[in-house]
Every structure is written in C-alpha cells, then in structure tokens.
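Report on the structure given below.
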Amino acid sequence: MRAYSTSIGIHRCSSRSYGSFLTIDHLTNLLAACNLTRPSNPYHAHQIHSLLLTSNLLPSPLLHAQLIDLYANSGQLHRALLIFADVRRHSSVVAWTSVIAHISRSRRPLDALSLFAQLHASVAPAPNSHTFSAVLPACAAAGADRFGRQVHALALRYGAAAAVYVASALTDMYAKCGRVEDFRKVFDEMAVRNLVSWNALIVGFVRNKLYCDAMEAFRSLLNDDGSLTPNQVSFSSVLNACSNAFSIGFGRAVHGLAVKLTVESSLAYVRNSLIDMYSKCGCLEEAAKVFDRCSNRDVVTWNVMMMGWIESDCPEGACGCFLHMVQEGVFPDETSFSTLLQALAMLASWGQGAAVHSLIVKTGCTQNQCVGSSLITMYAKCGSLEDAYRTFDEAKDQLNVVTWTSMITAFQQYGHGYKVIKLFDEMMDLGIEPDYITFVSVLSACSHNGLVDQGFKYFYSMSQVHKMAPGSEHYACMVDLLGRAGRLDEATQFIDAMPIQPDSSVWGALLAACRKFRNLELGSKVAQKLFRIEPHNSGNYVLLSNMYASNGMLEEAKDIRRLMQSNGVRKETGCSWIDVSNKTFVFTAHDQSHQATEQIYEMLERLKELVKAKGYVPDTQFAVNNVGEQNKEQNMWYHSERLALSFGLICLPLNAPIRIKKNLRTCGDCHTVMKLVSEIFRRKIILRDINRFHEFAGGVCSCRDYW
C-alpha cells in the first residue's frame, strides 16, 4: 500500500511543496518504495530527482545511491551514470557498487571491470563484499578468467571472500570460465553454504557438461543438513543434467521429489524442464502426460513440447502441437516458428514451409535471427536453394554467425563448394567469427569438391588463427578429404596422428574411401573397428559385404551378412517419397501398391529406352548381389527413387521441379539416370538422400559426380 500511495502523492504534489517538509527518512522510504517495482517508473525518477535538488539532499550518500538505482531500474542507465559522475569523489561504496552492478547487467563487462579498478585504486572508499559479488559476474562475461583470479585475490586481501554470497559468486564465475577445479575448490572451502551456493555448484557442473557430478551435487544438497529445500533453479538444473546424461531413472526420482514438494504443479519452469527431460530420454508418452497435466500452458510450455516431438523424430507431432497451440489462443513467438520450421524441414514440406513463411512475415518475426536461420535451413532441406538464398540475401545486413552458417551449410549440401568458400570469405571480411559448425561445413565442402590444399588451410587456421580446437567432425572431414582424393595412406597416417580418439565418423569416412577405391584389405580392417564401436549400424556391414561381393568373394560376403543377422542387425528398408498436390507418396523398391502403378511402370520402360539412346550403360555393382547377372539391370530400374521420378514426370506440371527424398544414400546408377532424364525432359530434379542434395539440370548434377 505504501508504494501505491507514494505513487499517487508524486503525481498530486509539486516538488516545491514537498521540499518544505520532506526529511531524509521520508525520501529514503519513497525511493525504496519506487525501487520495489520492476521496471521502475521513469517519471518517478525525474520527480524524486527534482525533490532532492530543491531540498539540497542529493549529497546524502544513501539517497544518492538509491537515486542511481532508481534511474538504472527504470531503463535510464545513462542518467544514473551522469548522477554518479557529478559527485563521484564523494560517492559511498554503496553507490560505486550499484553502478558496477548495473553496468555489468547491461552487458558491458569491461566497463564494469574498469570502474572496479578505479575504485580499488582510489584512496576511499574501499570495496566491500557486496562490491565483489557485483563485479564477479562481469569477470565471467568478459570471458577471461585472469580478471576473475585478480578479483578473487583482492577479495581475499580485503577479507570479503568468506562471505557466502561472494563465495557463491566466485563458484559461478569459475564455472562460467570453465575452471572446474577452481570452482570445486571454492565451494569445498566454504564454511557456510546456502541454496544459492549449491545452485551455483549444480549449474556449474551442467555448464561444463559434468552431468553425473551435477546429479551427485543435487543428492548432496538433499543430504546436507536437511535445512535447505531445492527451488526451481535446483530442479531445472538437475533435470537438465538428467536430459543430457539420458539418466531417466534419476530424472524420475527428481520428478517424484518435485511432486512431493508441490514444485511440479506450481512452477512452470520446473514443469517445462520435466517435459524436456522425458523427451530427450526417449519417453515421449511421459512428457505428454506432464504436458497434459499443465493447467496454464504458456507459449514456452508449448515450445518445449513441440521440440519434444522433434527430438523423438516425429515432426508431424510438432506440427499438430503448433496447430493446437494456436487453437487454444496462445500466440506463437519466434521460438515457436523456429521449431515449426525445423519440423517442416524434416518433412521436406516446401508448400507448408512457404505458407508458414507468409505467416511469419505477417506477424513481424522476420527480423529475428533464429527464425531467419530456420527459414534458410527449411528451404534448403525442402530442395529450394533459390528460396534459401533469397531469404538470406534479404536480411544479409542483420545476420549473425548462425545464419551465415545455415547458408554456408546449404551450399555445402548441394555440392556448391566454391560458393561455400566465397561466402565464408565474405563472412570473415565482415568480421563475423566462424564457429564450430561453420568449419564443419567448410571442410566438408572442400572434401566434396576435391579441394585438398584449401581444406588443410582452413583446418590449420582453426587452431592457429581462431584458437579453436578441432573436434571429431572436423577430423572426419579431413579423412574424407584425403580419402575422396584417393590418398588412403595419408588418411591412415592422419588418423594415427590425431590428438583425440577417432570415433565412428572418422573410421566411417575411411571405409567409404576404401569402397570407392576398392581397397579391400584396408577396408576389412576398418570395418572390424566399426563393428566394435557401433555394432548395430547396418551400413558398415552392408558396405563391407558389397566390397567382398564386388571382388567376387561371395562366401565372405555371406559371412558378413550372417554376422549381421547374429548381432540382431537389420538393414533399413530403402524408400523414396515425393509430394504431389499437397499429398506425400511413398515408394519402396519394386513397389506396386500405388493406384497409378501401370502408368508408372510404363514410364519406366520409356525412360529406359530414352536414356539408352543417350548412351546409358548400367553399372550393375549397385544391384542386389543375390540375383543373376541378367536380372541385375532390371532390378535397378525398380529402385524406389526411379519409381518416384516416374510418378513425378507423370503428375507434376511441366515447369515444376521434381523433388524426391530418400532415406538412404542414392545409388550411383540412379544418379546417372537422373542426370540423363533431366537433360531429356529439360526438367530440374532435386534428390535429397541421407547425406546430401543432388540438383540435376541439363544433364549435370550439382555435385559434379564427386560425391
């Protein structure tokens, strides 16, 4: 009530009438009341400032600090800094601390550190424990732990490090700087710990991907002395750890505790974390149960549930979730649109994606960088590189590294290596620093275009120029780069010299190169490594079996197939699908279930005659190995992608591109046929397989047969 009546009083009375009877106590209470609201009212700040000036009370240290707080809390940090500068020499440590805290919160960490250094260098006042807790977040935000170490040393010197909130801030700072041992040590040496201290430890473990340690810290919090009860930060952080560690058992136990403490039903943040945890652990039904129990579902809850459908590889569910959200009157935000676009990209649904793009334009979300990145990815994965680049080009001046990387990745997936390099160099010229994924796309582009020297130049620049340690994906790209160039010995030596343990992606790249260049001896050794690393990946067994078969070693090929069966591994059934008139039609090899089967097979026979007239010679190494030689060619004509192509030629308008999706890698013979058909019918054909896009036009593929 005091805050309400104070607000009314400010509007009704002039500063002159107030100045005759207001005391420091009155104004202290008035400022405290105004500072309770967030954000504070700028009009109140101006009025009280006038009162302080007319009553000559501004030099009061307490009032001075409170006024700085009021201006900063009302979004007028520049005015707060002007007031501080006017009487800086006489400012109290409270005012210094307030200004440092507000500058740090406004994402100006170096300015906050500079001001703290000036305070330390001054004769008086000396920084206190509150000052240290205010400046430590700036040390973490500056991204250099040397600042934090210096502040830590000063805190010890001034005797402030023992304060529980300073020690908690130190724990948080070291965790954000990646100094695991340091934040463990600070926490262990704390004489007194409160809930903030424990939360800083748990969040620190999660931030540094030490998920098991985070769960153990949560357990220790519960067993500490029984006086502390976890709050929403504790629950959401440990649930995040469970999600990333795929620890569904511990996650369920945390859920039970949340229900016991009535946290699940009362705190939306915890509820959303539970949905996220169950989804990431593969328990979508349990995630849906938590979601269905939510009485007041805001847009964040809907977004988390949509992402749960996507993480469960069910994009249709994410689309349905979006529709239900809109029907319930919840207005989608930028994250909603970004998630929906991700689902449509998985479905490769260009028509629906374009419709959502129109809705995004109407709602004014096009300037959001996350939405822009998702639009580029959606169009690219739907087989429309032109739309992807148009979206990118329209917002070129407002893009960040994520959006640039999306466009670079799109060019890479279509085999446009030189465009990737051009765009990457343009990004660098603008001063935008590439990230981990950017380099994966650039190195992959070099690999798929035979640019060995440039690939090594970019690879070495990661550590030498950008101070970034290459990861397994980057090493896999380099092995692939050497392997595609036929330099298998160099690829093997490169793997032997790796500073990290090679994973399945590295060995898989080498195995694919062995298949391409028919190096059975090396391929067999590499395949055996892959069988141990990922025993349930059918692709490795099939690749080695085909290598044996193509070398006439049929018994060895059968042995690999038997090994595959004994390990309970089944080859994924290949299928292709195509969208016609807003309907999706799925085909498998030799499929005769479609109502237009007769016309489809008639078109296939016509295609066979036309491509042979163009000089087509079947490559039977891509045929099924357990059929006779005379049937291999005919079997290849019934591959799922050719059935989809035939149906597209029959049903789609003459000027419309034919967009086909396949769940496996397309075979080399189908690739040849697609090139010839694009020339004969003068049609653009876009084939998206599990690895990349092939854009056929005029008898040429965008991959230039280097795939």
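Since we're looking at a predicted model, the values are computed, not measured.
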CA sep, side-chain torsions, deciding dist, call: Phe205, Phe183, ring-ring contact (aromatic ring centres under 6.0 Å, His included): CA-CA 9 Å; Phe205 281 134; Phe183 82 73; 5.3 Å; yes
Working for side-chain contact (heavy atoms from CB on, under 4.5 Å), residues Val542 and Arg561: CA-CA 8 Å; Val542 173; Arg561 296 281 181 172; 4.2 Å; yes
Intermediate values then yes/no, side-chain hydrogen bond (donor to acceptor under 3.5 Å, both in side chains), Asp669 and Thr672: CA-CA 5 Å; Asp669 195 68; Thr672 301; 5.2 Å; no
Salt bridge (charged side-chain N to carboxylate O under 4.0 Å, His left out) assessment of Arg484 paired with Asp480: CA-CA 6 Å; Arg484 288 178 186 275; Asp480 191 54; 2.7 Å; yes
Audit row: Met553, Leu520, side-chain contact (heavy atoms from CB on, under 4.5 Å) steps and yes/no: CA-CA 11 Å; Met553 303 169 67; Leu520 183 58; 3.3 Å; yes
Steps toward side-chain contact (heavy atoms from CB on, under 4.5 Å) verdict (Asn540, Ser504): CA-CA 10 Å; Asn540 299 324; Ser504 58; over 6 Å; no
Full working for side-chain contact (heavy atoms from CB on, under 4.5 Å) between Ser538 and Met564: CA-CA 7 Å; Ser538 62; Met564 186 175 171; 3.6 Å; yes
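By the 6.0 Å contact criterion, CG on Asp425 is enclosed, its count of non-hydrogen atoms from other residues, nucleotides or ligands being greater than 12. A 6.0 Å sphere centred on CD1 of Ile437 holds no more than 12 heavy atoms belonging to other residues, nucleotides or ligands. The number of heavy-atom neighbours closer than 6.0 Å to NZ of Lys516, taken from other residues, nucleotides and ligands shown, is above 12. No more than 12 heavy atoms of other residues, nucleotides or ligands sit less than 6.0 Å from atom CD of Glu521. Within 6.0 Å of CG on Asp453 lie no more than 12 heavy atoms contributed by other residues, nucleotides or ligands. No more than 12 heavy atoms of other residues, nucleotides or ligands lie within 6.0 Å of NZ in Lys381, so this atom counts as exposed by the packing criterion.
Taking each heavy atom of Glu695 and Ile686 in turn, the nearest pair found is CG-CG1, 4.1 Å. Annotation for Met215 and Ala245: closest pair CE-CB, 3.9 Å, computed over non-hydrogen atoms. Heavy-atom minimum distance, Cys701 versus Lys675: N-CD, 4.0 Å. Closest approach of Met462 and Pro470 over heavy atoms only: CE-CA, 3.7 Å. Residues Val401 and Pro434 share a closest heavy-atom pair of CG2-CA, 4.0 Å. When all heavy atoms of Ser524 and Leu544 are compared, the closest pair comes out as CA-CD1, 3.9 Å.
The ring of Phe439 has its center closer than 6.0 angstrom to the ring center of Phe424.
Using modelled atom types and a 3.5 Å distance limit, the side chains of Asp435 and Thr438 yield a donor-acceptor pair. Counted by atom type alone, Ser338 and Ser374 present one or more donor-acceptor pairs between their side chains at under 3.5 Å. Side-chain contact annotation: Glu311 with Ser279, donor-acceptor N/O pair under 3.5 Å absent. No donor-acceptor contact under 3.5 angstrom links the side chains of Asp489 and Thr492, judged on distance only. With no hydrogens or angles considered, a side-chain donor-acceptor pair links Trp350 and Asp387 at under 3.5 Å. Checking Tyr548 against Asp559 by side-chain atom types alone, no donor-acceptor pair falls below 3.5 Å. Counted by atom type alone, Asp276 and Asn272 present zero donor-acceptor pairs between their side chains at under 3.5 Å.
Between the CG atom of Asp393 and the CE atom of Met407 there is a distance of 9.5 Å, given to the nearest 0.5 Å. Atom CD1 of Ile408 is separated from atom CD of Glu426 by 9.5 Å, given to the nearest 0.5 angstrom. Between the NE2 atom in His671 and the SG atom in Cys703 there is a gap of 3.5 Å [rounded to 0.5 Å]. Rounding to the nearest 0.5 Å gives a distance of 5.0 Å between CH2 of Trp309 and SG of Cys314. A distance of 4.5 Å separates SG of Cys514 from CG of Leu510, quoted to the nearest 0.5 Å. In this structure, SG on Cys177 lies 10.0 Å from CZ on Arg207, to the nearest 0.5 angstrom.
Using the six-membered ring where Trp is involved, Phe494 and Tyr475 have ring planes that are tilted, between 30° and 60° apart. Note: Phe337 and Phe322 have tilted aromatic rings, judged against thresholds of 30 and 60 degrees for the angle between ring planes. In this pair, Tyr389 and Phe411 present their aromatic rings tilted. The plane angle is within the 30 to 60° band. Taking the six-membered ring for Trp and thresholds of 30 and 60 degrees, Phe456 and Phe459 have ring planes more than 60 degrees apart, a perpendicular arrangement.
Judged purely by atom type and a 3.5 angstrom limit, Asn400 uses its side chain to pair as donor or acceptor with the backbone of Thr403. No donor-acceptor distance shorter than 3.5 angstrom exists from the side chain of Ser444 to the backbone of Val440, with no hydrogens or angles considered. Between the side chain of Thr584 and the main chain of Asp579, no donor-acceptor pair closer than 3.5 Å is present. Using a distance-only test at 3.5 Å, with no hydrogens or angles considered, no donor-acceptor pair links the side chain of Ser373 to the main chain of Gln369. Counting only distance, with no hydrogens or angles, the side chain of Asn663 and the backbone of Trp577 share no donor-acceptor pair below 3.5 Å. Proximity of a side-chain donor or acceptor of Asn449 to a complementary backbone N or O of Leu451 within less than 3.5 Å is not detected. Ser447 contributes no side-chain N or O that, together with a main-chain N or O of Leu443, makes up a donor-acceptor pair within less than 3.5 Å. Between the side chain of Asn208 and the backbone N or O of Leu210 there is no donor-acceptor pair closer than 3.5 Å. Looking at Arg642, its side chain does come within 3.5 Å of a backbone N or O of Met636 through a donor-acceptor pair. Tyr541 places a side-chain N or O within 3.5 Å of a backbone atom of Pro535 that can act as its donor or acceptor partner.
Taking the side chain as every heavy atom from C-beta outward, Phe392 and Leu423 approach each other to under 4.5 Å. Using a 4.5 Å heavy-atom threshold, the side chains of Met478 and Leu481 count as touching. His416 has its side chain within reach of Leu385: a pair of non-hydrogen atoms, C-beta onward, lies under 4.5 Å apart. Using a 4.5 Å cut-off on side-chain heavy atoms (C-beta onward), Trp507 and Val479 make no contact. With a 4.5 Å cut-off on side-chain heavy atoms, Met306 and Leu340 count as touching. A heavy-atom distance below 4.5 Å is not found between the side chains of Glu556 and Asn551. At least one side-chain heavy atom of Tyr278 sits under 4.5 Å from a side-chain heavy atom of Ile248. Contact check for Ser384 versus Arg659: side-chain heavy atoms found under the 4.5 Å cut-off.
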